[in-house]
Amino acid sequence: MSEPTFATLVSRWYEENARDLPWRGPDVSPWAILVSEVMLQQTPVVRVLPAWEAWLARWPEPAALAADSPAEAIRMWGRLGYPRRAVRLRDCALAIVERHGGQVPDRLDQLLALPGVGTYTARAVAAFAYGQRHPVVDTNVRRVVCRAIAGEPDAGPATRPADLVATEELLPVEPAAAALASAAFMELGAVVCVARSPRCGVCPVESVCAWRASGREAPAGPTRRPQRYAGTDRQVRGLLLGVLREATGPVPHQRLDQVWADDVQRSRALAGLVRDGLVEPVGESSFRLVGDGPPVPVG
DNA sequence: GATTCGTGGTC
DNA sequence: TGACCAAGAAT
């Protein structure tokens, strides 16, 4: 008998220790999995849980969401952050209806062509919803592979093609086992091989970890610029959208003016929300979430 | 490739 | 307490 592979070690650990997340259930639809993946883009699991349940209770399939307004999608999105994802997810539902008869496609190229679906999400759906063999590399997998295999403290900020190659080489040949291994890598990175204080004492691959062997050196070089928030356009956008989200229908600009004193920055933020398809002008002096009521007369 | 894009929790 | 972080995508 040969030594168990890296994927086998992590998969065994996963089967004993995985969190009981609802989108991992046996009867979860590809649509529900797609929704979970989009919500989980940069948003912690604990905040996604209730939003995912509510979203699918209201829109159990793509056609239902496609038939509703962007405004309702934005409201249901709540405070998950990056609300453009809500609009894109609805655009995605429209595309699924128009291009694929309302069924989430199972081909990687078709998934990638959907709004709001990038390299990670397309592969995650293909693997977790359809059991295909694709490397699925998110920030967790990237960190696990960089540390345990390459022996490096951490990876760069974005997933690179090399990360996909390195991960693919770890996957079992059999597709279902490969999909399980991908979920296991993600879980390990999310729960054990975490960014700040990795729990090497309970790690299933501690004995073969290259980073561990090298003494767990800290990341080198200048740390990347921290993402500040206070005072940015993002904060102003969030404040503006908060008012529009709580309102029903158009809001006079005077009310929006109250959320931020700087006219220039406030106007820029509002224009950005309009450009991004989140907000639309109504008449000369009001704004609303896109589609939040009857169509705006043109001309 | 570097930026932009929310929100809230942790240490 | 403010820096850091959380299943990325689009430009």
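Chain letters run A, B, ... following the sequence lines, proteins first, then strands; residues in each count from 1.
- Backbone-only engagement by A:Thr119 is indicated by non-hydrogen atom pairs under 4.0 Å involving sugar-phosphate atoms exclusively.
- The minimum heavy-atom distance between A:Pro172 and A:Ala181, with the atom names listed, is CD-CB, 3.9 Å.
- Distance A:Leu49 CG to C:dA6 P: 17 Å, rounded to the nearest Å.
- Rounded to whole Å, atom C1' of B:dG6 lies 13 Å from atom CD1 of A:Ile74.
- Residues meeting the side chain to side chain donor-acceptor pair (under 3.5 Å) test with A:Ser286, sequence neighbours left out: none.
- Backbone-only engagement by A:Val117 is indicated by non-hydrogen atom pairs under 4.0 Å involving sugar-phosphate atoms exclusively.
- Placement of A:Leu270 and A:Leu239 within a single hydrophobic cluster is found when ILVMFWY residues are connected by side-chain heavy-atom separations under 4.5 Å, directly or transitively.
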Identify the pairs formed between an N or O of the protein and an N or O of nucleotides 7-11 of chain B at a distance under 3.5 Å, and give each distance.
| from | atom 1 | to | atom 2 | distance (Å) |
| --- | --- | --- | --- | --- |
| B:dT7 | OP1 | A:Arg245 | NH2 | 3.4 |
| B:dT7 | OP2 | A:Tyr229 | OH | 3.3 |
| B:dT7 | O2 | A:Arg47 | NH1 | 3.0 |
| B:dT7 | O2 | A:Arg47 | NH2 | 3.4 |
| B:dG8 | OP1 | A:Arg79 | NE | 2.5 |
| B:dG8 | OP2 | A:Arg79 | NH2 | 3.3 |
| B:dG8 | O4' | A:Arg47 | NH1 | 3.3 |

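- As a whole-Å value, the separation of A:Leu278 CG from B:dG6 C1' is 11 Å.
- Close placement of the A:Trp55 and A:Trp77 rings is indicated, their centers lying within 6.0 Å of each other.
- Contact annotation for A:Ser36: no contact, since no heavy-atom pair falls under 4.0 Å across all strands.
- C:dA9 and B:dG8: their P atoms are spaced 23 Å apart (whole Å).
- Here A:Arg143 does not reach the OP1 or OP2 of C:dC5: none of its side-chain N or O atoms lies under 4.0 Å away.
- Using a 4.5 Å cut-off on side-chain heavy atoms (C-beta onward), A:Val45 and A:Leu21 make contact.
- Using a 4.0 Å cut-off between charged side-chain N and carboxylate O, A:Arg133 and A:Glu168 make a salt bridge.
- Heavy-atom distances to DNA chain C give each of A:Glu37 and A:Arg88 a nearest nucleotide, and the one nearer the 5′ end belongs to A:Glu37.
- Using a 4.0 Å heavy-atom distance criterion, A:Ala195 is classed as a sugar-phosphate-only contact.
- For A:Asp109, the salt bridge (charged side-chain N to carboxylate O under 4.0 Å, His left out) partners two or more places apart in sequence, or in a different chain, are A:Arg107.
- Whole-Å rounding puts the A:Arg85 CZ to C:dA7 P distance at 12 Å.
- Pairs of residues two or more places apart, or lying in two chains, that qualify as side chain to side chain donor-acceptor pair (under 3.5 Å) and include a residue from residues 233-244 of chain A are A:Tyr82-A:Arg234, A:Asp233-A:Gln265, A:Asp233-A:Arg268, A:Arg237-A:Asp276.
- Using a 4.0 Å heavy-atom criterion, one finds that A:Thr121 contacts the sugar-phosphate atoms exclusively.
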For A:Asp91 and A:Arg88, run salt bridge (Lys or Arg N to Asp or Glu O under 4.0 Å): C-alpha distance rounded to whole Å, both residues' side-chain angles, the deciding distance at 0.1 Å, then the answer.
CA-CA 5 Å; A:Asp91 290 340; A:Arg88 291 204 185 114; over 6 Å; no
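- Atoms CG (A:Leu114) and P (C:dG8) sit 19 Å apart, rounded to a whole Å.
- The same atom, P, is picked in B:dC5 and in C:dA7; the two are 23 Å apart, to the nearest Å.
- DNA chain C is contacted by A:Met186, A:Ala190 of residues 179-194 of chain A, taking any non-hydrogen atom closer than 4.0 Å.
- Between A:Glu72 and A:Arg58, at least one side-chain nitrogen of the basic residue sits less than 4.0 Å from a carboxylate oxygen of the acidic one, meeting the salt-bridge criterion.
- Here C:dG8 presents its P atom at 13 Å from CG of A:Asp163, a figure rounded to the nearest Å.
- Contact check on A:Glu187 versus A:Arg19 returns a salt bridge, with a Lys/Arg side-chain nitrogen under 4.0 Å from an Asp/Glu carboxylate oxygen.
- In this structure, a donor-acceptor pair under 3.5 Å is absent between the side chains of A:Arg123 and A:Ser182.
- The CZ atom of A:Arg268 sits 16 Å away from the P atom of B:dT3 (whole-angstrom rounding).
- In this pair, A:Trp23 and A:Trp52 present their aromatic rings perpendicular. The plane angle is above 60°, beyond the 30 to 60° band.
- The stretch residues 7-27 of chain A touches DNA chain C through A:Arg19, A:Leu21, A:Trp23, A:Arg24, each having a heavy atom under 4.0 angstrom from the strand.
- Under 3.5 Å, the side chain of A:Thr43 and the base of B:dG6 form at least one donor-acceptor pair of N or O atoms.
- Rounded to an integer number of Å, the gap from CD of A:Gln41 to C1' of B:dT4 is 15 Å.
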